[in-house]
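Scroll down for the structure; my scribbles are underneath it.
Just so you know, these numbers use all the heavy atoms, side chains as well, and skip hydrogens, waters and symmetry mates. Atoms within each ligand, like the ligands themselves, are counted from 1 in listed order.
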Amino acid sequence: MSTALTPFLILAIPFGFYHLYVFLLRLLRPRLPYPPGPRGYPLIGNLFNEASKNVEQHEWARYLKMGKEYNSDVLHINVLGDHTLILNSAKTANELYWRKDRVSIPIDLSTSNFLRKLAPAEYSPLSIPDIEHAELESHVRNFAGSTILRVVYGMSTQEELNDYVQLAHLAAESLNATMNHGSASFKRKANTWAPMVSNLINAPWKRVKSSMVNGTALPCFATNNLEKFNLVSSFDMKNNNLDQGMEEVIKNCSGAAYFGGTDTTLSLIMSSILVLSRHPEVLEKAHEELDRVIGTSRLPQLQDRDKLPYLQAFIKEVERMYPVTPLAVAHRVISDDICNGYFIPKGTTVVPNVGAILHSEELYQDPFKFNPDRFLQNDKTSKLLSPDPEIVAFGFGRRICSGRHFALDSAWSLIACLLATCDFTGPSEDAQKISRKPDPVLDYFDGLIVHPKPYKCRIVPRSIAALNLMKAGYENQMM
Ligand code: HEM
């Protein structure tokens, strides 16, 4: 064989095999059924089923029920030729998502700020009122947003942090209301929120560039990357068109972190506080562990995390029971495929039902019961541990949440410090709200990122020493 032909064959053989695979897939297509799902009508498919769905029921819970009805982890819905694949199992979601696709953290600063804002002026536990949902949420949102804004854009003054946290909040609210994949008026609503999201990305970017030009920028994700790709010397605030492509990439990555990180972390922390105020038995165990391991004279730090297994288990159980993104983020199949023996046409929207996976009876015993112990090894019974919810709570495959470690670090830091210094109870006037445990459907709003419905609770410093720790934050503490 001529050696001139060899490189050609090296390219041609895999190319040929690929086309043979696609050809066989098409050939097999008529024999492979779509995955199970509600029966549809010709042309319109499941339009009526989807239009008449119970809006009171959360999407993830509806698909969990549907999975049981059809005895399948993979479900198919077709609305006017738009195919959607719902994945109620982590194994399939992982398989498909892998196949198909697409500085030092100043947490201590934000945690200290949060504790100071929450600290009452004096230690007088009986006179501390309930904290209203809006007030608590605003403190937590500021914590989550300002941590990210500092890391991504180097923002540090309270005034600008407040402005940009508010901007992210407005954009997240509108996106959350429309992003549910089943939302029929999605395109119309998208036109309304598009300028808000664009402002969210452009405004802090302009600010970081001008602070670099003035020499006042703090080192952060944006400055590090602009320097790494030698983009700083080409800055011209009026016409920054040199290597705009890479700058656009860094700008969008920064915007994605700022946008994707605030509301999600907020939800995880708000759920954690809700649970602590309604489950005294969980609070007691967490307090006991913190007092035994850390003592009461300092705040816990990230380095302590491995020594506090109950606290870890508590956060995992919050992630499981009250998933922040119960339908993760939908992806689109880029070519015809086969999944579990079913035909999946190109263009199908794939929805991994994280909420269903995390409430599956096969994976978690008594899945609607809040029980951090399911993640703790018990030497006496040597029972099998439940699967770690973090395997699915942040999405799947190559596009898995890139901020997951950051989110878990910042949420851990805040929850650990709050627990170390405070007691939590339900609202003082309503004993019923203390005994009723938060339900992941009834007590939550539905959406892309879910949040607990407004609740009240009492957060009271555990002692005078604890109040002093809240006021001092990490200031006098060796890090
Ligand atoms: C509890 C907190 C969080 C949850 C539950 C969460 C969840 C998710 C999920 C489900 C996805 C989609 C993954 C997929 O497509 O399969 C995602 C993507 C993403 N998240 Fe998070 N997230 C959280 C916090 C954060 C934080 C704090 C940041 C940034 C600091 C962040 C940045 C991102 C980015 C940039 C993406 C897009 C990744 C890509 O498309 O390649 N997230 N997140």
Side-chain angles (χ1 to χ4, degrees), residues 60 85 87 90 92-103 105-107 110 140-141 143-153 155 164-165 168 172 175-176 179-181 197 200-201 204 220-222 225 249-272 315-334 349-355 357-358 388-415 440 444 447-452:
W60 70 264
L85 187 69
L87 306 175
T92 322
N94 255 319
E95 267 174 30
L96 215 66
Y97 268 47
W98 271 110
R99 233 189 293 164
K100 286 294 114 194
D101 271 332
R102 70 183 186 135
V103 203
I105 306 174
I107 292 174
S110 318
V140 179
R141 187 183 298 286
F143 163 81
S146 55
T147 319
I148 292 171
L149 286 165
R150 169 63 189 86
V151 171
V152 175
Y153 299 108
M155 283 183 206
Y164 285 105
V165 167
L175 187 65
N176 213 19
M179 190 83 172
N180 222 317
H181 77 284
V197 174
L200 178 87
I201 293 174
C220 58
F221 173 84
N225 280 287
V249 171
I250 304 170
K251 179 175 95 173
N252 287 333
C253 286
S254 307
Y258 164 38
F259 185 53
T262 310
D263 229 36
T264 45
T265 311
L266 167 77
S267 166
L268 176 60
I269 296 173
M270 289 301 284
S271 292
S272 304
I315 295 175
K316 283 189 197 300
E317 183 65 342
V318 177
E319 290 170 50
R320 184 197 72 79
M321 181 83 159
Y322 308 103
V324 171
T325 46
L327 294 177
V329 170
H331 286 218
R332 194 171 288 278
V333 174
I334 52 176
T349 303
V350 184
V351 180
N353 193 348
V354 168
I357 297 167
L358 294 176
D388 188 341
E390 281 158 25
I391 296 168
V392 297
F394 294 92
F396 304 85
R398 290 188 196 94
R399 303 292 294 273
I400 189 170
C401 172
S402 38
R404 62 195 185 282
H405 301 297
F406 184 88
L408 291 173
D409 283 1
S410 55
W412 185 93
S413 171
L414 189 85
I415 295 164
Y444 275 70
L448 175 69
I449 301 169
V450 303
H451 292 278

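- Taking every non-hydrogen atom of Phe396 and a distance limit under 4.0 Å, the qualifying atoms of ligand 1 come out as 16 (O).
- Side chains of Ile334 and Arg332 form no contact here, defined as non-hydrogen atoms less than 4.5 Å apart.
- Annotation: side chain of Leu87 is not in contact with side chain of Val351 (no heavy-atom distance under 4.5 Å).
- Only the side chain of Phe406 comes within 4.0 Å of ligand 1, counting heavy atoms alone; its backbone N, CA, C and O stay farther away.
- At a heavy-atom cutoff of 4.0 Å, ligand 1 is contacted by the backbone of Ala393 but not by its side chain.
- When the heavy-atom distances from atom 11 (C) of ligand 1 to Val329, Leu448, Ile400 are ranked, the shortest goes to Val329.
- For Ala222, the side chain to side chain contact (heavy atoms under 4.5 Å, CB included) criterion is met by Trp205, Val208, Cys220, Ser254, not counting sequence neighbours.
- Checked by atom type, the side-chain pair Tyr322/Ser267 shows no donor-acceptor distance below 3.5 Å.
- The option with the heavy atom closest to atom 3 (C) of ligand 1, from among Thr147, Thr264, Ile315, Val392, is Thr264.
- The existence of a salt bridge linking Asp388 and Arg320 is excluded, since no basic side-chain nitrogen approaches an acidic carboxylate oxygen closer than 4.0 Å.
- A salt bridge does not link Glu319 with Lys316: every distance from a Lys NZ or Arg NE/NH1/NH2 to an Asp or Glu carboxylate oxygen is 4.0 Å or more.
- At a heavy-atom distance under 4.0 Å, only side-chain atoms of His331, from C-beta outward, approach ligand 1.
- Closest heavy-atom approach to atom 42 (N) of ligand 1 among the candidates Ala144, Gly261, Ala411, Cys401: Cys401.
- Of the options Gly260, Ser402, Ala256, the smallest heavy-atom separation from atom 36 (C) of ligand 1 is shown by Ser402.
- Any N or O atom pair closer than 3.5 Å counts here, and Thr265 shares no such pair with ligand 1.
- Taking every non-hydrogen atom of Val324 and a distance limit under 4.0 Å, the qualifying atoms of ligand 1 come out as 5 (C).
- Leu408 places a side-chain heavy atom less than 4.5 Å from the side chain of Phe394.
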